[in-house]
Amino acid sequence: MSIKCTFILSYFIVVTLLVNPTNANEIDYIVDEFDIPITKKIDSFFNNYSNKSKVHLVPKINGKSRYAFTISKKAYNYSKIFSDTSDLYYLSDKFDNNMALYPNKLKNIEFRLSKNNIKFTYSQNFLPNINTSIFFQMLEQSPYGLMFDKDFIFMHEGFGNLNIQLSKGEYPLIETKIVNLMNKENSELYVNFSHEVKSNEISLGASYTWFELVKNFDLSADFVKGIETQYSKIYLTPDYDTVKFDFGVQKFENNSDLNLFFNLRIDNILKHKKLKSSLIMNSLNDTEYDKKLSLKFLRKRYLDSYWRKRVYFN
Amino acid sequence: MTIRFVKLLLTFILVVSAQPYLAQTLSDGVLESSIFDSQGISKEDIQTYQEKQKTYDINGNIISDNKEVLNTENSNIRFMESSQNQSQKSNISVLRKYFYSLTGELLDVYGESEFKQGQEFNLLFFNIIGRGYQLAPGDVIQVKITGLQSLSDKVQIQSDGTLTLESLAPINVNGLNLDQVSNIILDMIILDDASAKVFVTLKNARLVTVQISGNVNSPRTIAVPAYTPLSRVIAYSGGISQNGSLRNIFLSQPGEKTRNIDFYEFLQNPLPTNDPLIKNNARIFVPNKGPTIAAVGFLGRPGVYELNHNETSMEVSELLKLTGNTFIPPGATLKISYFDQDGKSLSRVVSKKNIINEGEALILDFIETRELNNSQIYGAVLNEYHVTSNEPKSISEVLKGGAVLSSDALTSFALIINRLEDTVEPINLNHALNDDRILLPVGADLKLFSQEEYLSLVNTDPNYSDDIIAAKLTSSNIAEIYVNGIRIAYVAPNSTNSLFGSVSDFYSITPKTVSDFVLIQKSDGIKALSLKKLMTDKNYPSLSRGERLFIFENKFYSDLLQNMRLRSNEMNLNAQNVSNTENNTVDNFETFKLQQEIQKKEDNYLEAINYSRNILQQSNLIQVALDGQLVALLPYKNGITSIEILKELRSRLPKLVNEFAIIQDVNSDLNPMIKNLNYSFDVKNNQELNLISQKAYRSIIKEYELDDEINIIAKAKSGDNIKNLVANIKSSDAVKVYYDGRLELLLSPDYIPKKYKLFEQYYKKSDFYKLYIGLNTKNLDMGTWNFLTYGAEEFFSKASNINLGQSNIVHFFSKDFIRKEFIEKEGMINGVNFNIIANNHTVEPNNGNNNLDGTTDMTVVNDINTNFEIDKNLSDNQVSNNNNLLVNHHIEIMSNSLRKISGSVRFPGSYPVADKINLTDFISTAGLIENTSKSNIQIIQAIKQKDRLVRAKPKVININDSDLKNITLSGIYALDVPLAINDAITGVIELKGEVLRPGNYSFTRAETLSDIIKRAGGISDVSFPLGAVLQRKSLKEQEKETNGILADQMESSILTLAQSSLEDAGGQVQVLLSYANKLRIQPTLGRMTLNILDESLTNPIFLEDGDKLTIPKRPSHVTIVGSVQRTTVAAYKRDKNFYEYLQSAGGATKIADIRKAYLLLPNGESLKLNKSTLIPVGSVIIVPPKLDRLSILGTTDVISRVLGNITDSILSIQNVD
């Protein structure tokens, strides 16, 4: 009964999310698409709207945004005199613009190397706000498959993703993920829930991450009770710009040993502007659990890093 | 004969002894006056002069007599004195005195003057020497021989009688006459020269010696020319003395018989034999005078006559011959006056045939008469003439229509002198010539006057004149005109149609003439008339008999006015008192005489003043004085008012104080009254109206306040007009007005205050205190003073029923006085303190439902009626001694009637108020600040209920209410004028540094910092907005407080640390203590973190008064402090991260706690540092030390904050400075 109820609820959520519109940008907003230098956009804005005394700069990170800057024209002009935006940062107001989702305009390829599988995935926006992926892998029982996913906003500080995976030789799998910041944005909780249609198999997982617990290392603790496997692991993730590296221990339910493991993810390996390319390496079997959602870069304290990267005068 | 003579002599002696004083007085008087007259000097002058020569000591005693000096210096005086003595000794004989007693006339002795003629000693001859002159030795003869040998020689006859001529033998000529001598000489030369002729003439007669003795003035032997008559020889001897006889002179000459010479024959008879020629060695003896008689009256030669030798009587006819009378006029009577045996004077009528005896006097009485119907016309006519008529003739006819008049004849006056009736009748000649009815009575003379004669007549004092006409005039039918107290004209009464006509004949009215009035003295008194009126009124009857018209001229009038009030002996004349009469030293007699004349003129002038003054005092005049000095006299008429008087004097008066004029009866001791000239009042006869000029008014008030009464009376005697006035005013009914306790005005009583113009200068003053006007009225029955209080509105109301009574005292006050006395000393005032503690409760007008309960606190400190009692009644005596007493009492009353005003007024506080005041006045006194006040006023009133003062329902009145002026406040109340809500200017901010227009800027309630920066022109391009420092007073205090708390926390942490056994705990304690101390003494700025470029409406920076914004210039450094190798001020470079800066400072020290490192931004914010932290220019990187050991004591956080605060302050101060 409870499972049925859960399904019904899940589908209801899916339907609801599908109609949930993406954030409509207002005129005073500049969304940083990471395409051209943001200062040019600001200049352009103030030139186009000379009566405007300020502009909101919304950093879009991984198709999502939350915190934004209010840059006053005066302060901006002032910083232009000295081509220095460091004090502009402090002269600009930072505010919570609420979570917003943006269509992913980039094509994405991903190589995943793990102990028992090699997987290649290509994905792109297929329908508005729906990401479509096709994948090929080395597993015999399901050498390829399709996947549809869509992000949705969850509560105030979190968002989620609804994912339907159709693999050859397997029942369709519907998976729902949500992540939410906790503890004054010092940590986040990630929960995922999956259901294999027809088999009625259900998998549930949770992860809790402490950001920058030691220096710039994040500490995560995962617990997963899956359809086939059940494990828990704890690992550290040092913070680098283009490389994500997890390492820790993992304990499977049916095995009393602690297994050391690591996951490495290197982004933008092809260095193509319109194609996001990633290489993922897992020291253990491919669980794809590293695809968990995170709000780390949408935190407020990440704004200065963003500023350093994006707001400058050439 | 001898016996008779002795008898006669005895009679003389008796008579003389009976009449000594008469004779002596007479003789002295006559003699002295004659001497002085001869010198042209009066006896009085000499006496005064002699008096002047005496030197007086300080007490008036004569120290010395300067006669000696005078004698040496002034021979004239000495001469006079000696002459006087001689005359006294020699001139009056007993004989003359006798006959003076008998006849009343001082008679000359007949013939005595014959010898008084002077004798020329150089005379050679007294008679024409005849050819029969017998030559004798001593004669000098002139011998002239013509012919062949001419000779002319003057030769003297030798003592032997020979004459010696050249070429001729001496000739004895003694006893020969001149012809004989001539013939002898001719005989002697004729033989030689037949043509010769001889002329002999007597050149000088020889001198012969004569002895003269007896009753002559100088008996002696003298040499006289030969052939001198006896009379001349006697003259040489000084004449016959008083006792010598003229009728029995003995002459003995050699070769002749002694002869008795009667000189009367010589005097009566021209024959020379009666005066024999004297020969050499003649002897003359003058015996005593024989019996004498006298003759007086209508005679040719009245005098004393000597009877014939050996006779004691004479026939009257003979005496008459002697006296030169040839006839006795018809009607004349002869009588003989004599003394009887008892020495009484008797007389008997005699005829020519009768005998007059020695010692008797013949008197011939003759009464002169004239023709009674003969009129003499004399005086100013071409020739005097007579008119005889039995009928009176008209004057015109007598004077031939005026043709007989001389050119200088005065036609306005003539006198008919009726000798028969002994009257004098003046006429107006002009009138008489034109009016035939005016007749000259039969026998009456007509005296016509020239101008000069007329003036002489007018100037003559009838009482001291020998002019009969002048003497008669005063009792005649005549009127007089006086100018300046001196008579200038006699006027024929009723001679003209009008009085003005009478006057104009004798006096021309000039600008000098006082036109205010003339006086007419009539039998029933003296009446004053306006001259102007007189001039215009042609019907005013002319002067009647005995009337006197007095006219005055300016200068005299002025002197008269000056001396009007003085006693006679105090009078002085400004113009003439310059003569140096006090100087005793007189240079010479002429100066003395001059001074005498000046003195005399002055005396006359003073006399005229005095006379005029007496006349004026008897007349019906009103005296008008200005500032105590008499300036005019005006004729009184029934019902004359002050307005008429002022109109009369308008042009002569300076600006007057209308509301203060003094009126006083001249002749009574009634207290003076003060009057208001703005309103007409009656002036009575003999009253003095004293007008006060504006200039003197101030002096009077000053003097009034300065002097006490005793001083004023003392000074009044000194003659100072102002002081005299003040003395008068002191006793008057004047209303006194004090301003701030200082006498400011003296006013007439009996008017309501509104009517006094002088009040305007006070109550229209902006400084005038309108809430309290004190009035003291005198309780005449009790002799005490009542205290009343009024508000200005009530006091100066037109409808006021306040009448300032006699001697009332008004007390005005200035706002300044009240503020000093009450508002500024509010805390010190005892008595009722009716305090309303103002609240901020807003009460809208016309809203009766406002409930103020619980918001207003009314406190009555003292009970009005029990604790503070003012003695409202002061005795008059107390007050008169000290005017301040009243003022002080008013101040006490005021202290007990304070009403408070609070709120939006310039001078809030407790004001003393009168019983009833006007609300508007109260508000304006406190100075409504309309701009900051709400538009309503709250009146909180206390009412008494059951022995308690409770607050009545507050009344709210709109300031703009048109009825505001009509609201009267009374009772106990307080006012509150709530403040308007101030949205306009709530404060001032100071902008410093890199704003384009630094300075102080006021701001409104809604204005933000951005607005102000905009007004200041914005910030400069080199400014550093992030480093802007906004200092705020309130924050400063708060910061200080926070620092104190933090320091306390640190110190209490140290207590734990001190007890621990940790290594180097002592060192750490010291460091912490120094931090704590530094924190405490660290100056705080009250800095507020802000973004001045943030113009967001959602987060505006509102300002507070006293804020101060400093915008520094953009810096170019980043400071690294704390646990670094070297505190560094590193050059700023964008994108440089924390670690890079740390390297600039040489890296962290061992004890550095990098994890705790934080960044202090230029705007005062701080944040934890990490690699990605943006480090703007001007910020401070702080690397704290590791305080792990302390952390167990819980101090780390404190230390961190302390450091933060210290650094923040440093940074701020850097920016600000």
Side-chain angles (χ1 to χ4, degrees), chain A residues 28 39 46 51-56 59 68-95 184-186 211-217 238-241 296-297 299-314, chain B residues 994 1009-1010 1013-1014 1018-1028 1089-1099 1111-1118 1131-1141 1154-1155 1159-1179 1181:
Chain A
D28 290 349
T39 48
F46 284 131
N51 58 337
K52 297 286 180 186
S53 63
K54 60 189 177 183
V55 67
H56 303 300
F69 299 94
T70 303
I71 299 169
S72 81
K73 188 177 180 179
K74 277 187 182 174
Y76 177 76
N77 289 337
Y78 169 78
S79 64
K80 254 174 90 171
I81 297 170
F82 302 98
S83 299
D84 181 14
T85 57
S86 56
D87 45 351
L88 180 63
Y89 174 79
Y90 295 103
L91 291 169
S92 300
D93 196 21
K94 291 103 188 165
F95 67 100
K184 298 178 187 171
E185 300 189 343
N186 282 322
F211 299 119
E212 290 129 17
L213 187 65
V214 180
K215 286 200 171 175
N216 55 344
F217 284 89
D239 184 22
Y240 299 105
D241 280 350
K296 182 178 179 181
F297 299 111
R299 289 183 305 156
K300 192 174 185 179
R301 72 180 54 169
Y302 184 72
L303 287 174
D304 53 358
S305 296
Y306 164 79
W307 194 274
R308 273 184 178 275
K309 286 175 192 165
R310 288 294 298 157
V311 187
Y312 54 87
F313 294 100
N314 289 319
Chain B
E994 291 301 320
L1009 183 63
S1010 314
I1013 292 171
K1014 268 183 202 166
I1019 56 174
S1020 74
D1021 287 346
V1022 296
S1023 63
F1024 186 48
L1026 194 62
T1089 301
L1090 81 165
N1091 179 359
I1092 58 168
L1093 300 178
D1094 185 6
E1095 294 177 351
S1096 158
L1097 294 175
T1098 54
N1099 187 26
I1111 300 176
K1113 198 173 264 189
R1114 184 183 172 85
S1116 51
H1117 64 272
V1118 170
Y1132 168 76
K1133 190 178 175 190
R1134 65 180 187 183
D1135 300 335
K1136 209 169 170 179
N1137 66 24
F1138 161 51
Y1139 296 104
E1140 288 167 328
Y1141 279 117
I1154 300 289
R1155 286 181 307 156
L1159 181 72
L1160 188 64
L1161 291 169
N1163 65 2
E1165 286 179 356
S1166 57
L1167 66 155
K1168 203 173 167 186
L1169 272 170
N1170 57 43
K1171 192 180 172 184
S1172 61
T1173 304
L1174 287 157
I1175 298 171
V1177 65
S1179 47
I1181 294 168

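Side chains are part of it too, since the values below use all heavy atoms of this structure and drop only hydrogens, waters and symmetry mates. Note on naming: letters A, B, ... go to the chains in the order of the sequence lines (proteins, then strands), and numbering restarts at 1 for each one. What you are looking at is a predicted structure, and each value in this text was computed from that prediction instead of being measured.
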Item to check | Identified side-chain contact (heavy atoms from CB on, under 4.5 Å) partner of Tyr89(A) from the options Ile71(A), Leu303(A), Asp84(A), Val311(A) | outcome: Leu303(A)
Checklist outcome for this item: If one checks every heavy atom of Leu1167(B) against chain A at 4.5 Å, the contacting part turns out to be side chain
Checklist entry - Regarding Ser1023(B) and Glu994(B), is there a side-chain donor-to-acceptor distance under 3.5 Å anywhere? => result no
Next on the checklist: Please classify the contact of Asn1137(B) with chain A as side chain, backbone, both or neither, using a heavy-atom distance under 4.5 Å.
Outcome noted: both
Checklist entry - Is it the backbone or the side chain of Lys1133(B) that comes under 4.5 Å from a heavy atom of chain A, or both, or neither? => result neither
Next on the checklist: Can you tell me which portion of Ser83(A) sits under 4.5 Å from chain B's heavy atoms? Options are side chain, backbone, both or neither.
Outcome noted: both
Checklist entry - Are the ring centres of Phe313(A) and Tyr76(A) closer than 6.0 Å? => result yes
Next on the checklist: Are there over 12 heavy-atom neighbours, none belonging to Lys309(A), within less than 6.0 Å of that residue's NZ?
Outcome noted: yes
Checklist entry - Between CG of Asp87(A) and OG of Ser79(A), what distance do you get to the nearest 0.5 Å? => result 7.0 Å
Next on the checklist: Which atoms of Ser305(A) are under 4.5 Å from chain B, going by heavy atoms: the side chain, the backbone, both sets, or neither?
Outcome noted: both
Item to check | Heavy-atom proximity to chain B below 4.5 Å, by part of Ile81(A) | outcome: side chain
Checklist entry - Which region of Tyr90(A), side chain (C-beta onward) or backbone (N, CA, C, O), has a non-hydrogen atom less than 4.5 Å from a non-hydrogen atom of chain B, or is it both or neither? => result both
Next on the checklist: Tell me whether Glu185(A) is salt-bridged to Lys296(A), with the criterion being a basic N under 4.0 Å from an acidic carboxylate O.
Outcome noted: no
